[in-house]
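Just below is one structure, and these are the notes that go with it.
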Amino acid sequence: MKIYIKRKAFGDNLLFSDFSLSIKEGKTSFLMAPSGWGKTTLIRIMASLDSEYEGYVEPKANGNIVLFQENRLVEDISVLSNLLALGLGKDKCLEALGRLDLYEDRYKKVSQLSGGMKRRVALSRVLLLSGDRYFLDEPFAGLDDESKRKAAQYIKERLKGKTLVVVSHNKEDSMLLDAEDIIILGE
């Protein structure tokens, strides 16, 4: 995937100017940059969620799946109901919850969960979706080391051979995901 952004601004705040980047299709790429650099905006552009810029992303993909920094869960329904809302079978949803140590919490309302548990629910939901490219913005936020390890293993199994772009501040996370490209932006 080739990304070229001639110009992207929010009002008077110029975020990108003559910026280009290549991402290997079917591989795991890891993006790092200082806070406020525009990583989330870059993911939104790559995933075709932001078209308010001059430039291009080629080739376009119809199956872009995004895990945002915010979990975007329905707080007043159960963990399982958040996954069942995808329209997939209950067995698949329960398997995903089991892989991320959430099976015992499947009937709890999301509002009753810790931040790390909510993140695992959001991650399990994204990993159940079928797509061509996956963009994960801080996928391990709030997770302890053991949860991170299990989540990384599940990500690698589910997304093997898919294009995966991960944004994180933690370079060690790239090793958990066996990232083939580590791209440090803003240097």
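These numbers come from a predicted model, not from an experiment. Quick note: residue numbers are just sequence positions, from 1.
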*Using a 4.5 Å cut-off on heavy atoms from C-beta on, say whether the side chain of V66 contacts that of D137.*
no

*With no hydrogens and no angle check, do the side chains of E180 and T28 hold a donor and an acceptor under 3.5 Å apart?*
no

*Without swapping roles, check the side chain of K2 against the backbone of S20 for a donor-acceptor pair under 3.5 Å.*
no

_Tell me if the CD atom of E172 is crowded by more than 12 foreign heavy atoms within 6.0 Å._
no

*E25 side chain reached by P59 side chain, heavy atoms, under 4.5 Å*: yes

*asked:* I need the E75 CD to R72 CZ distance, nearest 0.5 Å.
replied: 13.5 Å

*Do V166 and D173 have side chains that get closer than 4.5 Å, going by heavy atoms?*
no

*Please indicate whether K27 has more than 12 foreign heavy atoms, meaning atoms of other residues, nucleotides or ligands, lying under 6.0 Å from its NZ.*
no

*Are L100 and Y154 close enough, and set up right, to give a side chain to side chain contact (heavy atoms under 4.5 Å, CB included), and what steps lead you there?*
CA-CA 8 Å; L100 294 175; Y154 190 43; 4.1 Å; yes

*Might you confirm whether atom NZ of K171 has over 12 heavy atoms from other residues, nucleotides or ligands at distances under 6.0 Å?*
no

*What are the two closest heavy atoms between K39 and P34, and how far apart are they?*
NZ-O, 3.2 Å

_Where G26 and T163 come nearest, the two heavy atoms and their spacing_ = N-OG1, 2.7 Å

*Determine the minimum heavy-atom distance between D105 and V79, stating which atoms define it.*
O-CG2, 3.5 Å

*Are side-chain heavy atoms of I5 and L42 found at a separation under 4.5 Å?*
yes

*Decide yes or no for S168 and E138: does some side-chain heavy atom of the first lie under 4.5 Å from some side-chain heavy atom of the second?*
yes

*F16: what forms a ring pair (Phe, Tyr, Trp, His ring centres under 6.0 Å) with it, not counting sequence neighbours?*
F19, W37

*Distance-only, no hydrogens or angles: does the K162 side chain make a donor-acceptor pair with backbone N or O of G131 under 3.5 Å?*
yes

*With distance as the sole test, does R44 use its side chain to make a donor-acceptor pair with the main-chain N or O of L49 at under 3.5 Å?*
yes

*For L129 and Y134, which heavy atoms make the closest approach, and how far apart are they?*
O-OH, 2.6 Å

_Just so I know, are the side chains of D18 and K6 near enough to count as touching, which here means a heavy-atom distance under 4.5 Å?_
yes

_I want to check a possible cation-pi pair here: K109 against Y107, using under 6.0 Å from ring centre and within 45° of the ring axis as the test._
no

*Rounded to the nearest 0.5 Å, how far does NZ of K8 lie from CG of N13?*
10.5 Å

*Beyond-backbone contact of R119 with L67, side-chain heavy atoms, under 4.5 angstrom*: yes

*Check whether any side-chain heavy atom of M117 lies under 4.5 Å from a side-chain heavy atom of Q112, and answer yes or no.*
no

*asked:* Which residue in the set I182, I184, D181, I183 passes side-chain contact (heavy atoms from CB on, under 4.5 Å) when paired with F30?
replied: I182

*Quick one: hydrophobic cluster around L14, which other residues, with the 4.5 Å side-chain cut-off, linked directly or via members?*
none

*Determine whether L84 and V74 fall in the same hydrophobic cluster, where Ile, Leu, Val, Met, Phe, Trp and Tyr are linked whenever their side-chain heavy atoms lie under 4.5 Å apart.*
no

_Run E146 and R149 through salt bridge (Lys or Arg N to Asp or Glu O under 4.0 Å) and show every step you take._
CA-CA 5 Å; E146 180 63 16; R149 187 189 62 72; 2.6 Å; yes

*At their closest point, which heavy atom of D178 faces which heavy atom of K156, and how far apart are they?*
OD2-NZ, 3.1 Å

_Closest contact, heavy atoms only, L123 versus A151_ = CD2-CB, 3.7 Å

*Would Y103 and L128 show up in the same hydrophobic cluster when neighbours are defined by side-chain heavy atoms closer than 4.5 Å?*
yes

*F68: what forms a ring pair (Phe, Tyr, Trp, His ring centres under 6.0 Å) with it, not counting sequence neighbours?*
none

*Given the rule in the side chain to side chain contact (heavy atoms under 4.5 Å, CB included) test, do R133 and V165 qualify, once you have shown the distances and angles that lead to the verdict?*
CA-CA 8 Å; R133 295 179 183 152; V165 178; over 6 Å; no

*Hey, is the main chain of L86 close enough, under 3.5 Å, to the side chain of R125 for a donor-acceptor pair?*
no

_For a side chain to side chain contact (heavy atoms under 4.5 Å, CB included) check, start with the C-alpha distance between L136 and I155, then their side-chain angles and the critical distance, and finish with the verdict._
CA-CA 10 Å; L136 308 182; I155 290 168; 4.0 Å; yes

*Kindly indicate, with the supporting measurements, whether the criterion side chain to side chain contact (heavy atoms under 4.5 Å, CB included) is fulfilled by D76 and S111.*
CA-CA 6 Å; D76 61 346; S111 61; 5.8 Å; no

